[in-house]
Engineer: 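Below is the structure I would like to discuss, written out as structure tokens.
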Amino acid sequence: MATPLTPDQWIRILKAEGVTVREYSGWRTRERDDETGKPFGPVHMILNHHTAGRGDLDVVAKNGVPGLPAPLAHIWLGRDGAAWMCSAGRANHAGSMARNAYDSFLNENTTHPMQAKSSGLIDGNDVAYGVEGENRGDGNDVWPEVQYDAYVRINAAVCRHHGWGKDSVGMHSETSVEGKVDPRGPVAGYGTRGRFQFTGGQMRKDVAERLAHAASWSPPQTTTPTPAPAPTTEQRLSALEKTVKEQGARLAALEPK
């Protein structure tokens, strides 16, 4: 059980974790608490999503969609890795969670079961932070490495602040009873790892790795050798002249004396 982060705490912990933070106008007071009559919190987990579009910051932060008023997340994460703060209160992102799936994150189980409606329903908007990553969500749109790195840092920052472990990090696809599939798609790379698929299990491993280090830590990067510069025309001619001279010397040595 944790008291929701204040706006100032959000800014502080994200910056400490190396996240580029942007503040959307009015985010500190924009929430769904008053409209629903339900206070936000206590919070027990962080839930991750894709937006199923591009350039949709205004939709998530202020405009919403038909039948679902904004804010639609606490953070909108752009493809450039910048985290835009959209709300510090209740946000419409999680919808109904299956209780058995929710309980697995609440209790930080190392395994997370398939959602079962029969186990009961939880209003996820009351108990979970939400992050919306800018991605079409078609399974083909590639997550840039800088965006995935920021995603890991955001999740780790929240867990570090609340004293949570990696198993407080969930994906919408792991809790939704509405058939949600997010977040998904190929990730360009992370640290020394090449292209891979976005999954909850992998993100939790990456969050755990961050939590084992100080907030200022960055994953090691693959060092790509700098290619040798192409030879100039003068260098090519000089090499050719040297080769011709060497061949001439060998032929001369073979001539009868």
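Just so you know, residue 1 is the first one in the sequence shown, and it goes up from there. The model shown is predicted, which means the values in this text are computed figures rather than measured ones.
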Engineer: Just jot down the side-chain hydrogen bond (donor to acceptor under 3.5 Å, both in side chains) partners of Arg136, sequence neighbours excluded, or say none.
Structural biologist: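 Checked Arg136 against side-chain hydrogen bond (donor to acceptor under 3.5 Å, both in side chains); zero matches.
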
Engineer: Evaluate the side-chain proximity of Ile75 to Met85: yes if any heavy-atom separation is below 4.5 Å, no if none is.
Structural biologist: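 Contact flag for Met85/Ile75 side chains = yes.
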
Engineer: Is any side-chain heavy atom of Asp141 closer than 4.5 Å to one of Arg79?
Structural biologist: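 Answer yes - side chains close enough.
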
Engineer: Considering only heavy atoms from C-beta outward, does the side chain of Lys166 approach that of Lys205 to under 4.5 Å?
Structural biologist: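 Result no, sub-4.5 Å side-chain heavy-atom pair not found.
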
Engineer: Could you walk me through whether Tyr148 and Val152 pass side-chain contact (heavy atoms from CB on, under 4.5 Å), step by step?
Structural biologist: CA-CA 6 Å; Tyr148 182 81; Val152 174; 3.5 Å; yes

Engineer: The criterion is side chain to side chain contact (heavy atoms under 4.5 Å, CB included); which residues satisfy it with Ala52, sequence neighbours excluded?
Structural biologist: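 With sequence neighbours excluded, Ala52 shows a side chain to side chain contact (heavy atoms under 4.5 Å, CB included) to His50, given in chain and number order.
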
Engineer: Could you go through the salt bridge (Lys or Arg N to Asp or Glu O under 4.0 Å) check for Arg160 and Glu17 one step at a time?
Structural biologist: CA-CA 10 Å; Arg160 196 186 302 277; Glu17 206 76 34; 2.8 Å; yes

Engineer: Are His162 and Leu5 packed together at the side-chain level, in the sense that at least one heavy-atom pair is separated by less than 4.5 angstrom?
Structural biologist: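 Sidechains of Leu5 and His162: in contact.
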
Engineer: Would a 4.5 Å heavy-atom cut-off, applied to side chains only, mark Met97 and Glu174 as touching?
Structural biologist: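 Contact flag for Met97/Glu174 side chains = no.
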
Engineer: Decide if atom NZ of Lys180 counts as having more than 12 heavy atoms of other residues, nucleotides or ligands within a radius under 6.0 Å.
Structural biologist: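 Check fails, neighbour count at 12 or below.
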
Engineer: Taking the six-membered ring for Trp, are Phe40 and Tyr129 parallel (under 30°), tilted (30 to 60°) or perpendicular (over 60°)?
Structural biologist: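 Plane angle over 60°, so perpendicular.
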
Engineer: If you link I, L, V, M, F, W and Y whenever their side-chain heavy atoms are under 4.5 Å apart, who else ends up in the same group as Val177?
Structural biologist: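 Members other than Val177 - counting any ILVMFWY side chain reachable under 4.5 Å - are Leu121.
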
Engineer: Is it true that Val59 and Trp84 fall in one hydrophobic cluster, defined by side-chain heavy atoms closer than 4.5 Å?
Structural biologist: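 The answer is yes; both residues are in one hydrophobic cluster.
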
Engineer: Cation-pi check, Arg153 to Tyr151: give yes when NZ or CZ is under 6.0 Å from the six-membered ring centre and within 45° of the ring axis, no otherwise.
Structural biologist: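 Judged by the rule, Arg153 and Tyr151 form no cation-pi pair.
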
Engineer: Determine yes or no for a side-chain-to-main-chain donor-acceptor pair under 3.5 angstrom, with His172 supplying the side chain and Ala94 the backbone.
Structural biologist: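 Yes, because the side chain of His172 sits within donor-acceptor range (under 3.5 Å) of the backbone of Ala94.
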
